Amino acid sequence: MCLYFNTPESNNESLLFARLEARRCLKDVEPRLFADDGGPDRGEVVEVYGPEGTGKTELLYHLLCRCVLPEAAGGLEVDVVFVDTDYSLDMFRLASVLDSGSAGSDDAVLRLCLSRLLVVRCSSSSQLLLTLHFLETTLSSRPRAALLLIDSISAFYWSDRSEGGASVAKQEEKLSRCSELLGRLLRDYRITIFATCHPIRRGSNGPPSSSEADRSHLCRAWQRLVTHRLVCSRQEAQHNPANGDEGSGEQRNWQVFTVHCSSWTGTKGSRVSSFRVTDGGVEFIWTPRPPPDLSAVL
């Protein structure tokens, strides 16, 4: 590791260079998730929404690996910042997915991939706020950083609500400030953000309707940032008759997850895709597209 001291002049120069540097566009990060040519552009935000156990974190692992893998292995060779607020990041699992994606390359390739990853863990909204403040320095020093992953943006919803008391403005204050900082990073550094979000049950009068379950409950400052939304759900497990052990890895491979994508910028539209989680990571399942509606033409 090379350490050096910056003068104020060199700091300003590096900051200006980092802002002007064209970061890698991630519209092609995973074409099977988004409508045709509708992936996230620079400065855009994707909210990955769904209850626990719907494959959201595994989807982030898949996107992370796609970004840090070398181009020779089908990757994009960009740096990634992973903000872990749920303390759910499993480095052994991530290394396994990376190893599978790099087709069993040697340890040097794996270490190179991991060197493109910066992990930050936060246990409160205050820590997340401080992290985003200092992230500007990180992005200035890593012009190849193109992706920010947050798992999850809703982790501190209940603690913030408790601290805020009866005032909605106080309850949403910290996440609103975090959203303002994220907006500034998006504007100044043109990164792309993927953030997971859990649904919140506001009452106890039965399960929420499908429209309520898919509606974002976070503050308006965050909602204004979101340009794409991936709503994840879990299908009924497809039983493997060759294996009666429900807890085995083989049985897990038959669990199918569905992602409904909606986009509000660029190529506006929606798409539905399905995937299963295998030992080597996310494996997409081909889903035929519905035929076009010709009733308006006839």
Side-chain angles (χ1 to χ4, degrees), residues 26 29-30 40 45-69 75-76 78-99 101 110-111 113-139 141-142 144-161 163 174-175 177-179 181-183 185-186 189 191-200 216-219 222 225-226 229-230 232 257 259 277 281-282:
L26 301 182
V29 66
E30 183 43 80
V45 176
V46 182
E47 184 182 81
V48 186
Y49 183 90
E52 185 178 355
T54 53
K56 300 187 302 300
T57 298
E58 286 287 345
L59 205 54
L60 292 193
Y61 290 165
H62 173 76
L63 297 168
L64 191 162
C65 292
R66 166 93 164 114
C67 286
V68 301
L69 281 170
L76 304 179
V78 298
D79 291 359
V80 176
V81 179
F82 194 113
V83 179
D84 183 15
T85 62
D86 280 337
Y87 282 71
S88 59
L89 177 60
D90 185 342
M91 291 302 297
F92 290 104
R93 172 63 180 161
L94 178 60
S96 175
V97 177
L98 271 173
D99 186 57
L110 184 59
R111 285 195 296 270
C113 291
L114 291 176
S115 72
R116 301 188 180 110
L117 171 64
L118 173 64
V119 177
V120 184
R121 286 190 165 93
C122 303
S123 59
S124 68
S125 289
S126 298
Q127 287 188 7
L128 178 59
L129 195 59
L130 288 173
T131 296
L132 297 178
H133 269 295
F134 287 104
L135 200 54
E136 185 168 7
T137 302
T138 301
L139 295 175
S141 62
R142 301 179 76 153
R144 292 187 62 84
L147 178 63
L148 170 61
L149 300 175
I150 305 176
D151 192 19
S152 70
I153 193 66
S154 59
F156 311 119
Y157 174 84
W158 288 113
S159 58
D160 287 348
R161 185 170 180 174
E163 292 176 8
K174 290 181 180 178
L175 182 57
R177 292 172 63 189
C178 287
S179 300
L181 286 173
L182 287 171
L185 295 176
L186 291 165
Y189 294 97
I191 58 173
T192 301
I193 297 176
F194 279 75
T196 63
C197 178
H198 305 295
I200 298 295
S216 180
H217 53 274
L218 299 182
C219 64
W222 167 255
L225 293 179
V226 177
R229 202 155 188 255
L230 305 178
C232 301
F257 303 93
V259 182
V277 176
V282 164

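These figures come from a predicted structure and were not determined experimentally.
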Handout entry: side-chain contact (heavy atoms from CB on, under 4.5 Å) assessment of Val97 paired with Leu64
Key = CA-CA 10 Å; Val97 177; Leu64 191 162; over 6 Å; no

Answer yes or no: is there a side-chain heavy-atom contact under 4.5 Å between [X] and [Y]?
| X | Y | answer |
| --- | --- | --- |
| Arg116 | Val78 | no |
| Arg142 | Val81 | no |
| Leu181 | Leu135 | no |

Handout entry: Partners passing ring-ring contact (aromatic ring centres under 6.0 Å, His included) against His62 (at least two apart in sequence or in another chain)
Key = Phe284

Practice task
Quickly, which of Ile153, Leu26, Leu149 forms a side-chain contact (heavy atoms from CB on, under 4.5 Å) with Phe194? Name it, please.
Solution key: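 When side-chain contact (heavy atoms from CB on, under 4.5 Å) is applied between Phe194 and each of Ile153, Leu26, Leu149, only Leu149 qualifies.
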
Practice task
Among Asp86, Thr131, Asp84, Thr85, find the one that has a side-chain contact (heavy atoms from CB on, under 4.5 Å) with Arg121.
Solution key: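 Exactly one pass, corresponding to Asp84.
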
Practice task
Might you work through the side-chain contact (heavy atoms from CB on, under 4.5 Å) test for Ile200 and Ser154, ending with a clear yes or no?
Solution key: CA-CA 9 Å; Ile200 298 295; Ser154 59; 5.6 Å; no

Can you measure from [atom1] ([X]) to [atom2] ([Y]) and round to the nearest 0.5 angstrom?
| X | Y | atom1 | atom2 | answer |
| --- | --- | --- | --- | --- |
| Leu118 | Asp79 | CG | CG | 9.0 Å |
| Cys178 | His133 | SG | NE2 | 8.5 Å |
| Leu186 | Ile191 | CG | CD1 | 5.5 Å |
| Leu182 | Ile193 | CG | CD1 | 4.5 Å |
| Glu58 | Ser88 | CD | OG | 10.0 Å |
| Gln127 | Phe156 | CD | CZ | 7.0 Å |

What closest approach, in Å, do [X] and [Y] show between heavy atoms, and which atom pair accounts for it?
| X | Y | result |
| --- | --- | --- |
| Ser125 | Asp160 | OG-OD2, 2.6 Å |
| Tyr61 | Asp90 | OH-N, 2.8 Å |
| Cys67 | Leu147 | SG-CD2, 3.6 Å |
| Val277 | Arg93 | CG1-NH2, 3.5 Å |
| Pro199 | Tyr49 | CB-OH, 3.2 Å |
| Cys122 | Tyr87 | O-CE1, 3.3 Å |

Handout entry: Short side-chain to backbone donor-acceptor contact, Ser179 and Leu175, under 3.5 Å
Key =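 Here the side-chain-to-backbone pair exists.
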
Exercise for the section: Tell me, please, which residues at least two apart from Thr54 pass side chain to side chain contact (heavy atoms under 4.5 Å, CB included). Expected result: Pro51, Lys56, Cys232, Arg234

Practice task
Go through Glu30 and Val282 one step at a time and tell me if the side-chain contact (heavy atoms from CB on, under 4.5 Å) criterion holds.
Solution key: CA-CA 11 Å; Glu30 183 43 80; Val282 164; over 6 Å; no

Problem - Under the side-chain hydrogen bond (donor to acceptor under 3.5 Å, both in side chains) test, residues paired with Glu52 that sit two or more places apart - result: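 Testing Glu52 for side-chain hydrogen bond (donor to acceptor under 3.5 Å, both in side chains), a comparison that skips the adjacent residues, returns none.
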
Practice task
Determine the interplanar angle of the Tyr157 and His217 rings, folded into 0 to 90°, and report it as parallel if under 30°, tilted if 30 to 60°, perpendicular if over 60°.
Solution key: perpendicular

Handout entry: Test log, rule side-chain contact (heavy atoms from CB on, under 4.5 Å), inputs Val68 and Leu114
Key = CA-CA 7 Å; Val68 301; Leu114 291 176; over 6 Å; no

